[in-house]
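Okay, so here's the structure we're looking at.
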Amino acid sequence: MNQEIPKVYSPAEVEQKWYKFWEENRFFTPEEDSSKKPFVIVIPPPNITGNLHMGHALDNSIQDVLIRYKKLQGFNTLWLPGTDHAGIATQNVVAKALKKEGTSKDQLGREKFVERVWKWKEEYGGNITRQLRRLGCALDWTRERFTLEEGLSKAVTREFVTLYNEGLIYRGKRLVNWCPKCGTAISDIEVEHETKKGRLWWIKYPIEGKSEIRNSKSEQGIDYITVATTRPETMLGDTAVAVNSKDKRYKKLIGKMLILPLVNRRIPIIKDDFVDPEFGTGAVKVTPAHDPNDFEIGERHELPRVNILTPDAKITFEQFVEEEKKEVTELEGMDRYKARQRLVELLEERGFLGKIEEYETSIGHCYRCKDVVEPYLSDQWYVKVKDIAREAIKAVEDGKIKYVPDRWTKVYINWMVNLKDWCISRQLWWGHRIPVWYHGEEVYVGEDPPKGEGWEQDPDVFDTWFSSALWPFSTLGWPEETKDLKTFYPTDVLVTGYDIITFWVSRMIMMGVHFMKKEPFHTVFIHGLVRDAKGKKMSKSFGNVIDPLEIIDKIGADALRFALISLITGQGQDIKLTQDKITEARNFSNKIWNVSRFVLMNLDKKIKLEIPDNLELPDRWIISRYQNLTKEVTDLIDDHDLGEAARKLYEFLWGSFCDWYIEISKNDLYSNDSKKKEKTQRVLVYVLEGTLRLLHPFMPFITEEIWQLLISKTNAKDIPKSIFLSSVPEYNKTKVDPKSEKEMSLLIEMIIKIRNIKAEMGIQTKEVELCYFAPKREEKETIQRGEAFIKSLGRVTKSTWLKAIKERPQQSATGVASNTQFFMPLKGLVDINIEVGRLKKEEQKVGQVLANIKKLLSNNNFTSKAPPEAVEKERAREKELIEKKKIISARLKDLAV
RNA sequence: GGGCAGUUAGUUCAGCUGGUUAGAAUGCCUCGCUUACACCGAGGAGGUCGCUGGUUCGAGUCCAGCACUGCCCACCA
């Protein structure tokens, strides 16, 4: 017996061994000049600051399943790895480290700082790629890329310069979302809105010439106008008050001037129909430099823009004339929130403050540092996206790109239709430098620096997404016309969570269509997010994170992958990962291990890897089931329903193969009939070997380990070096046998029912056995020896089987009929002969048979092993439950009436 | 304000184009140490499929309305 195979599967060693083997043999590198069709996925590049979290684990498990499956199907596969430099994120991480050291990025200066980030990257940037290896990802590491490396930087420069020359890029002073903490502009989608309790302050703006509003005769609309605001400090930058042109209350006042309280700036009352007369007082203060709507109003009315904030959100009076400062000098240099508080106090003191209301308002936060974002006036670079977006929409509408599940198509199109120009400049140091140089008034845009003295490069860098938009082709060598680019572009599938459809997917489509004139992929496979047991997002601050690496250490990458994949639904719902599910997957991998151990243990010689001829019902059944499984699993993967495919494999392997076929097989394996034994060995190996190949994309390590052991015990020739290089089992329709499936399922049903009766009556396994055989005439002898025994009412083990054979009287199997029959010898007491006939009137027969068995059993005074009082107790409990239910339902009925 | 998704056993979820008795896992209750596996095996209990109508011979499944939950988008001071 195989002592060297342990009972419990321990993945750690196995996984390490095989990944090394795969990588060293370059199995993941596509064949050169292959005649096979390529199948390509580029990895969504994780941030170099990142560590593998469950989201990555899911995303990459999915991709690995697809790649390995396609490989088995005979495609020339490439899964291209890489990482993203992640501008803000990385800069923040390094800045934090510097702070700990007591220095800062400004102290270091730009050049030194960037050098420092590179150093950091060399040191820690490899974390995530190591972790992807642990997961088992079949990535071609010889082609690994980084967004900030030379080649990809060249691509980004080409991107910008080309777009610029096409007139699709412009620089403009606009309101951007400014993160004071990061000190940079961020794009609209990088702002996270959150509804928070705030306040609405009402402020009185005196009409010119009637400045003494403390006078008791003062009245709204005569002496002053009241405006409402959630951000009172912005009044410092007000340059008008707007009212709706149809608003009767203010009609006469349009064109008159107001005196801005404390600042004493003369500002006009203007009409603009953006203003909703129903809201607040119907009059809106206009701060073009600090509010997007006001900015637009300002544009329409050519209002001056007065900026009141420094880049780190402190009050500045840079644009104030001297007189305006007089009453508010103390605010200068003050933090925005402190200033707000103080300003309100000042207004109050001077009688300009009206009421204060509690108010719910939505506040924008930086997606990186969570600081409150300010609308801020600054010079930025923009991409005019309208035309490119149109092409990108068309690609999806024409079906050249398909979203899976389909509902994301709508989300994508809706987003694209409403797309605004894309702010691509960031005031960071870590990133691709914008290829623009200034020399006084002159501006130079080009891939190489301008010649001559005195040129200074734009200090800004690009939005990270501006470079990752090129990822599907920049990684293959673009803008050079490389062989890889020709062979592998366009790629096939993009796999990602729905959270970055807008950030990334849409931009890749835009740039792919624009620069390559070809969609970057034909399928976008969108999956849900991984959440905790309660459906909450996993995050460090909640403390509900399950670390994939910890799980891998404990139970193996295979089990983790299987847990995640089997949780995927066809609808792409979010996934709730629980400890239970992880345990289940662990148990499954152990089950695979043990069933394989069983098969291996029962092989005493080299086995032919083909189906034998002398098949019996259980053999035909399991082979048929296996054929169906092959078809189902391949169809499901083709349909991108990986979760269902995984569940099908689980069900087959555990529910059919282990629970039934293995048990039945013991009959032959432990028999003296060498022909039968060999037949069964061959069926076992045939089905298990094929199932392993089906399972390999999901659980690459354990399947490799077992497959190698198993295949070495066969006579198969030209064996591939790895299961990864083998093939998907072929679906052989001629082996599908509905009749056997039907018969077998009936048999199973009967056995279950008999077990049920047995359990109810407390009869022990050893006292009752069920024999089954499907005789052909020539097998009569065998049958009469009672060796067609396949299933006891409990579990078959070698010892019980041997015992049964030994103890069973010769006459136990009698009355052989020409049809399928059941025999149930009751340990020498009675034989029941159950005729199933042609299995046509199954239902009736089953019922009849069961009734007979029950009768016989109760006539024969079996002793129950369960103590009578326990049985009594259980019955009482049941009765009680039924009573309770009755009462409850009666009460509910009363209530309903 | 607009859009999307979900609501099925105690819990977490499957259930495709409508068709026998609504499945699985886990938990619970019996029983079983049996040379593949106690990370196991056998059996059992547990569901008016969110609510209300409609289509149909037939509805978790299709349609309409409602309720609740979650997510995304949106400039209302």
Side-chain angles (χ1 to χ4, degrees), chain A residues 1-2 5 7-9 189 193 200 227-231 234 242 274-276 278-287 291-296 359 361-362 375 405 407-408 410-411 414-415 418 498-499 501-502 528-529 533 535 555 559 566-567 569-581 583-602 636 639 641 643-644 647 650-651 655 658-659 662-663 666 751-753 755-760 762 764-766 792-800 843 864-866 870-871 873-874 877-878 881 889:
Chain A
M1 210 151 284
N2 265 308
I5 308 179
K7 275 189 182 186
V8 174
Y9 173 58
I189 41 176
H193 289 274
L200 195 59
V227 298
T229 179
T230 51
R231 296 189 301 154
T234 61
F274 159 78
V275 180
D276 175 3
E278 303 295 317
F279 188 90
T281 60
V284 180
K285 63 191 270 308
V286 183
T287 323
D291 182 281
N293 293 317
D294 295 4
F295 181 85
E296 279 173 29
Y359 191 69
T361 177
S362 148
R407 66 190 159 96
W408 295 109
K410 256 201 244 167
V411 175
N414 188 40
W415 149 260
N418 296 312
Y498 57 77
D499 52 334
I501 292 178
T502 47
L529 273 28
I555 62 163
S566 60
L567 280 167
T569 69
Q571 309 308 312
Q573 296 299 326
D574 284 354
I575 284 169
K576 278 183 212 163
L577 185 66
T578 59
Q579 198 54 53
D580 284 352
K581 197 69 195 175
T583 307
E584 184 193 324
R586 194 259 326 243
N587 294 352
F588 182 51
S589 62
N590 197 241
K591 190 74 178 179
I592 298 168
W593 181 251
N594 273 296
V595 71
S596 307
R597 219 173 118 243
F598 172 80
V599 172
L600 286 165
M601 273 163 54
N602 282 293
L636 284 165
D639 275 358
D641 194 348
E644 189 61 18
R647 278 174 248 131
Y650 181 97
E651 211 178 282
C658 292
D659 285 353
I662 290 286
E663 294 303 321
K666 288 168 181 171
I751 292 173
I752 289 174
K753 288 202 168 140
R755 284 173 180 167
N756 176 353
I757 293 168
K758 215 185 67 171
E760 266 178 26
Q764 293 304 300
T765 306
K766 277 161 202 160
S792 83
L793 294 186
R795 193 165 148 212
V796 183
T797 67
K798 195 162 181 173
S799 61
T800 55
E843 293 301 319
S864 166
K865 217 185 180 185
V871 176
K873 216 171 131 191
E874 181 63 19
R877 209 179 66 97
E878 259 174 45
L881 263 171
S889 65

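Keep in mind that this is a model prediction, so the values were computed, not measured.
- Taking the six-membered ring for Trp and thresholds of 30 and 60 degrees, A:Y650 and A:F588 have ring planes inclined between 30 and 60 degrees apart.
- A glycosidic torsion no more than 90° from 0 defines the syn conformation; B:G70 lies beyond that range and is anti.
- Under the 3.5 Å distance criterion, with hydrogens and angles disregarded, no donor-acceptor pair is assigned to the side chains of A:T578 and A:K576.
- For the pair A:Q579 CD and B:A25 C1', the computed distance is 15 Å after rounding to whole Å.
- A gap of 16 Å separates the P atoms of B:A74 and B:G2, to the nearest Å.
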So which protein nitrogen or oxygen atoms get under 3.5 Å of nucleotides 7-11 of chain B's nitrogens or oxygens?
none

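- Across all strands, A:Q573 comes closer than 4.0 Å only to sugar-phosphate atoms, never to a base (heavy-atom distances).
- A 4.5 Å side-chain heavy-atom check between A:I662 and A:V595 finds at least one atom pair inside the cut-off.
- In this structure, A:W593 CH2 and A:L600 CG are separated by 8.5 Å, a value rounded to the nearest 0.5 Å.
- The shortest heavy-atom contact between A:K285 and A:D294 is O-OD2, 3.3 Å.
- Of the candidates B:U35, B:A42, B:C39, B:U35 carries the atom nearest the A:M601 side chain, counting heavy atoms from C-beta on.
- The structure places CG of A:N594 at 11.0 Å from CG of A:N587, a figure rounded to the nearest 0.5 Å.
- Proximity of A:K7 to the phosphate of B:C37: a side-chain N or O atom is located under 4.0 Å from OP1 or OP2.
- Considering only side-chain N and O atoms, A:T569 lies under 4.0 angstrom from the phosphate OP1 or OP2 of B:A14.
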For A:K666 and A:E663: C-alpha separation, side-chain torsions, deciding distance, then whether side chain to side chain contact (heavy atoms under 4.5 Å, CB included) applies. CA-CA 6 Å; A:K666 288 168 181 171; A:E663 294 303 321; 3.2 Å; yes
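- Paired runs in RNA chain B that reach 3 or more consecutive Watson-Crick or G-U pairs, where each pair keeps both distances under 3.5 Å, cover B:1-7 with B:67-73, B:10-13 with B:23-26, B:28-32 with B:40-44, B:50-54 with B:62-66.
- Note: NZ (A:K576) to P (B:A14) measures 9 Å, nearest angstrom.
- In this structure, A:K591 reaches the bases: a heavy-atom distance under 4.0 Å links it to at least one base atom across the strands shown.
- As judged by a 4.0 angstrom heavy-atom cut-off over every strand, A:E644 is placed among residues touching the sugar-phosphate backbone only.
- Counting distance only, with no hydrogens placed and no angle test, the side-chain atoms of A:E663 and the base atoms of B:A36 include a donor-acceptor pair under 3.5 Å.
- Here A:K581 lies out of heavy-atom contact (under 4.0 Å) with every strand.
- Among the atoms of the strands shown, only primed sugar atoms or phosphate atoms (P, OP1, OP2) are found under 4.0 Å from some heavy atom of A:R407.
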For nucleotides 71-77 of chain B, give me one character per nucleotide, 5' to 3': B if any protein heavy atom sits under 4.0 Å from the base, S if the only such contacts are to the sugar-phosphate, - if neither. ----BBB
